[in-house]
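Chain letters run A, B, ... following the sequence lines, proteins first and then strands; every chain starts at 1.
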Amino acid sequence: MTEIPAYEPAVVERKWQQFWEDTQAFVARDDLPREQCYYVLEMFPYPSGRLHMGHVRNYTIGDAVARYKRMRGFHVLHPMGWDSFGLPAEQAAIERGAHPRTWTYENIAYMRAQLKRMGFSYDWTREFACSDPGYAAREQDIFLDLVERGLVYRKSSLVNWSTGLECVLANEQVIDGKCWRTGMPVVQRELPQWYLRITAYAEELLAGLDELEGHWPEAVITQQRNWIGRSQGAEIDFAIEGHPGLKLTVFTTRPDTVFGVTFMSVAPEHPVLPRIVPATHREQLAAFTAEVRSVSAHERLGDTATKKGLFTGAYAINPVNDERVPIYAANFVVADYGTGAVMAVPAHDERDHAFARAYGLPIIEVIRPPAERQTPPIAEAAYTAPGVLTERCGIFAGMDSEQAKRAITDWLAQRGCGRAVTTYRLRDWCVSRQRYWGNPIPFVYSESLGATPLKKSDLPVLLPDDVVFDGRGNPLDKHPTWATTGSDGRPLVVRGPHGLEPARRETDTMDTFVESSWYFARFACHDNRRPDLGCAGPLDRQRVDHWLPVDLYIGGIEHAVLHLLYARFFQKALCDLGYSSKREPFKRLLCQGMVCMETFFRQDASGKPEYFYPDEVEIERDGKGRIVRAVAKRDGLPVQVGRVEKMSKSKRNTVDPQQLIETYGADTARLFVLSNVPPELDVVWSDDGVRGSHRFLKRLWHIVHAHAAELRGVAAYAGKAQALVGRDQAIVRKVHAVIKRCTDALERDFAFNTAIAQCMELLNELEPAHLRPEVLKLALTTLVRLLAPICPHICEELWEALGGVGGISAAGWPAYDEAEMLGDSIEYPLQINGRLRGKLTLPRELSGEELERAVRAHPAFRAALGERALSKLIIVPGKIINAVVA
RNA sequence: GCCGGGAUGGCGAAAAGGCAGACGCGACGGUUUUAAAAACCGUUGCCGCAAGGCGUGCGGGUUCGAGUCCCGCUCCCGGCACCA
């Protein structure tokens, strides 16, 4: 009996990680024909300290694809880096006194070691962190290019202000109207901020989605479409009574209803209001505006908010019929959508209808529903569908409302008081943050010039190290000298109209989504130099165009309209700056599901849940395996079994990947996260499931080593299945079938779960004692090659044990022959009237009339048919036989 | 409200109009063990002693044949939401 070595994952995994490093196995070249190349990328992590299970899943999927593509003969670019600017570093500084830079780079070192321990096949030579001066500085270059192209501007508008952190928050960092970190209220404040003109690309961002159809998840495409929110309509200018020079312009998608306007609603912040509101109404309006502003956008516009309005004392004149309509300030009108003003047509708009009823305003019908349509009286409900314009509509009376949209817009346009307009819900991207740990915005301010961009030769703007973190405001603002000191260490000056004058740096830093908007391009040319400045340039167009678009991009769906929209915008802007000609960055997108786990909790008197770690809970199950009761180990009292939810520290349902790797090894971890579900579905963590994956690897290890000695010198069976009999023949056919199914599963959907199932099935069917050595060798070498992308270390080891040399990826992906999958005879399912009633074994080569004769003559067929008369016989060769009887 | 995605055993899931439930987990029975764990073997959709019947959220339809296609519902998940 052969001595079988114990499966020690740590030993095997270290050995092969060393091998890959020594052979530089994953370093990508830039000079091979693009069609032989494949760029696979996972969304890079924020270095928060340790990997979590979400990372493990995301990166395992990407790595399995990278390794699979390499085995298929592709030259693969698979890079990794760090999205390393961001708020948690500053939070750590406040809470623990660690400097953000030290904290960040220590985290990177730890997490890099974890990634290496997982055996991910990254080209580490291309690694960078966004906080590296080399990256941040080149981003400042790009920022200045964007300024030159008119894609950057500074304006004052309402922003989310966190009262806890004393800084601006992005919309996504506002959860239910509260600051995501402190839980403190977020209020709207009027502040000057820097914006990127993403709206200049609204139409292209929308149109580009059509090409991504079929390659990106439908959910992401629709979310982006909704977010961009194109809306076609008209702007209409209303004169203002008593103010001949002024007008109030509204945006509407229903210009056909303009004859039914009975009042106007405008945002309380609308700039024209102060000029048109009579003194009698000013005080009230100021109070109303203050009240509206005191609540967050969430409360103001959320579905719980009540519609409130205030008559401003001013009147507008309807350009189509010269009617005088009152102007209301209303809390539901958004200042920066459309024109910040709305014409209200209560007869044909539900919201206007409700408002008119609440404030006693007239409701005038101007669109008549088709006669066949039953509609409630207009005083009771708005009619919003198409119809015919009523006699109130002047020359347009009798016109179909859809046609009238166009006709009225044209009529208004001819008179200079209206125009066809397309608006977007998408707003420009507010990129300034009042924070330290981010990339400085390369602008300075001076008395006579205001905001002035720095020259590229003055870059980079580096962050000072000696800053104080007290949790109040932006540390850069409080630094004694940084903002006023030039890169030469002398006082910062700019050349103004009257000579040199003192200047002060912008102390806002960029939103960290800026870094993640071009890192995928930088990976293509991470070492690019700029001969003109003797330093690294942002991007090398040739190499960016070589690698982009990324063939497969993998990450969580939570970035559907954030990172993925910003990155698409940035790529288009980079093209217009001359850095690339590939306008879409990601050809195919895979959004992996979350890693979830059951939760246990108990509610205290106030209803606040107290969560329990799974190992603090004892579970009782019934005969079917359902949980019937759960109690806390510490007191024996029941706890509630919560939903299966995304792993999170606050719910205490996390598993530390480090623990998993130490107990079972990286290969088991990788196998488990790819098993059981396709990548885009949520996976439910279970210790039992992990043990199942580990058990499979142990079985594979055992069977290979039990026969390695005898098989090492044996060639894998390469002949026809036909030449074999019995189990040998069956296994050869199975091997071909399994290779085909694995290949199809990966090519179609990256369905690693079904590929793994195929491999398990093959292993389950192997009975080594009954197989010829060449056939066993074929089966085993096939298995380890099919599994190599998923659990590469053990497969390398077993490949070597079976006599393979030069590493398993060099061995290539196994080939199959469909003809070899098929036996000489087929066991046809026999249906009677579509119900399965038996099996008919018939020779494979039969078809057409021959086959039909053989079926009719088959004893099992006659038996199943009995006395019943056959009215139709369906025979699908190779598939099924269905007899239709009366 | 609008948009998108779903619903298959006790659980996660497979099945590209052709044998529903592959594979894994759990459960049950067994082997081994002082015992447990681990490992291995077997059973496991539901009802029924069986023959057999019934089964892919519900109701219709197309088809020789539907989890899959069409029409109409119900429920669940996600996104957006006074967006004019």
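Taking atom C1' on both nucleotides, B/rC58 is separated from B/rC76 by 15 Å, rounded to a whole Å. The C1' atoms of B/rA7 and B/rA13 are separated by 13 Å, rounded to the nearest whole Å. Nucleotides B/rC80 and B/rC71 are separated by 29 Å at their P atoms, to the nearest Å.
Take the nearest nucleotide of RNA chain B for A/Ser231 and for A/Val677: the residue whose nucleotide is more 5' is A/Val677. Between A/Ile557 and A/Asp352, the residue anchored nearer the 5' end of RNA chain B, judged by the nucleotide with its closest heavy atom, is A/Ile557.
Using a distance-only test at 3.5 Å, with no hydrogens or angles considered, no donor-acceptor pair links the side chain of A/His348 to the main chain of A/Thr257. The closest donor-acceptor contact from the side chain of A/Trp701 to the backbone of A/Phe696 lies at 3.5 Å or more, if one exists at all. A/Arg225 places no side-chain N or O within 3.5 Å of a backbone atom of A/Arg230 that could act as its donor or acceptor partner. Panel note: side chain A/Thr668, backbone A/Gly665; no donor-acceptor pair is recorded below 3.5 Å.
The residue A/Thr222 sits close only to the backbone: its heavy atoms come under 4.0 Å of sugar-phosphate atoms, none of a base. At a threshold of 4.0 angstrom between heavy atoms, the contacts of A/Leu873 with the nucleic acid are absent. Base engagement by A/Arg427 is indicated by at least one non-hydrogen atom pair under 4.0 Å involving a base atom. At the heavy-atom level, A/Pro217 lies nowhere under 4.0 Å from the strands shown.
No side-chain heavy atom of A/Ile826 sits less than 4.5 Å from a side-chain heavy atom of A/Thr841.
Judged by distance alone, the side chains of A/Thr249 and A/Asp237 do bring a donor and an acceptor atom under 3.5 Å apart. If you check the side chains of A/Thr199 and A/Asp428, you find a donor sitting under 3.5 Å from an acceptor. No side-chain donor-acceptor contact under 3.5 Å links A/Gln592 and A/Arg57. No hydrogens or angles considered: a donor-acceptor pair under 3.5 Å links the side chains of A/Asn764 and A/Arg699.
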Got a list of protein N/O to nucleotides 55-57 of chain B N/O distances below 3.5 Å?
none

Could you go through nucleotides 66-68 of chain B and list every protein N or O atom that sits under 3.5 Å from one of its N or O atoms, giving the distance for each pair?
none

Is there any protein nitrogen or oxygen under 3.5 Å from a nitrogen or oxygen in nucleotides 18-25 of chain B, and what are the pairs?
from, atom 1, to, atom 2, distance (Å)
B/rC19, O2, A/Lys839, NZ, 2.5
B/rC19, N3, A/Lys839, NZ, 3.0
B/rA22, O2', A/Glu761, OE1, 2.5
B/rG24, OP1, A/Asn764, ND2, 3.4
B/rC25, OP1, A/Arg695, NH1, 2.4

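Listed by first and then second residue, the salt bridge (charged side-chain N to carboxylate O under 4.0 Å, His left out) pairs involving residues 255-267 of chain A are A/Arg254-A/Asp256 (not counting sequence neighbours).
Base orientation of B/rG30: anti (glycosidic angle beyond 90° from 0).
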*Dot-bracket encoding of pairs in RNA chain B, which uses [ ] for pseudoknotted crossings and | for another strand, Watson-Crick or G-U under 3.5 angstrom*: (((((((..(((.....[....)))((((((.......))))))(((....)))..(((((..]....))))))))))))....
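Of the candidate nucleotides B/rA38, B/rC64, B/rC83, B/rC83 has the atom nearest to the side chain of A/Val334.
Taking atom CD1 of residue A/Ile221 and atom P of nucleotide B/rG5, one finds them 11 Å apart after rounding to whole Å.
The local environment of CD in A/Glu218 is crowded, with over 12 non-hydrogen atoms from other residues, nucleotides or ligands closer than 6.0 Å.
Taking the six-membered ring where the residue is Trp, the centroids of A/Phe332 and A/Phe355 are separated by under 6.0 Å.
For A/Arg844, the side-chain hydrogen bond (donor to acceptor under 3.5 Å, both in side chains) test picks out no residue, with sequence neighbours left out.
Between A/Thr423 and B/rA84 there is no side-chain polar atom (N or O) within less than 4.0 angstrom of OP1 or OP2. Within the structure, a side-chain polar atom (N or O) of A/Arg425 is placed less than 4.0 Å from OP1 or OP2 of B/rA81.
Remark: A/Arg425 is positioned above the aromatic ring of A/Trp227, its terminal NZ or CZ atom under 6.0 angstrom from the ring centre and at most 45 degrees off the axis.
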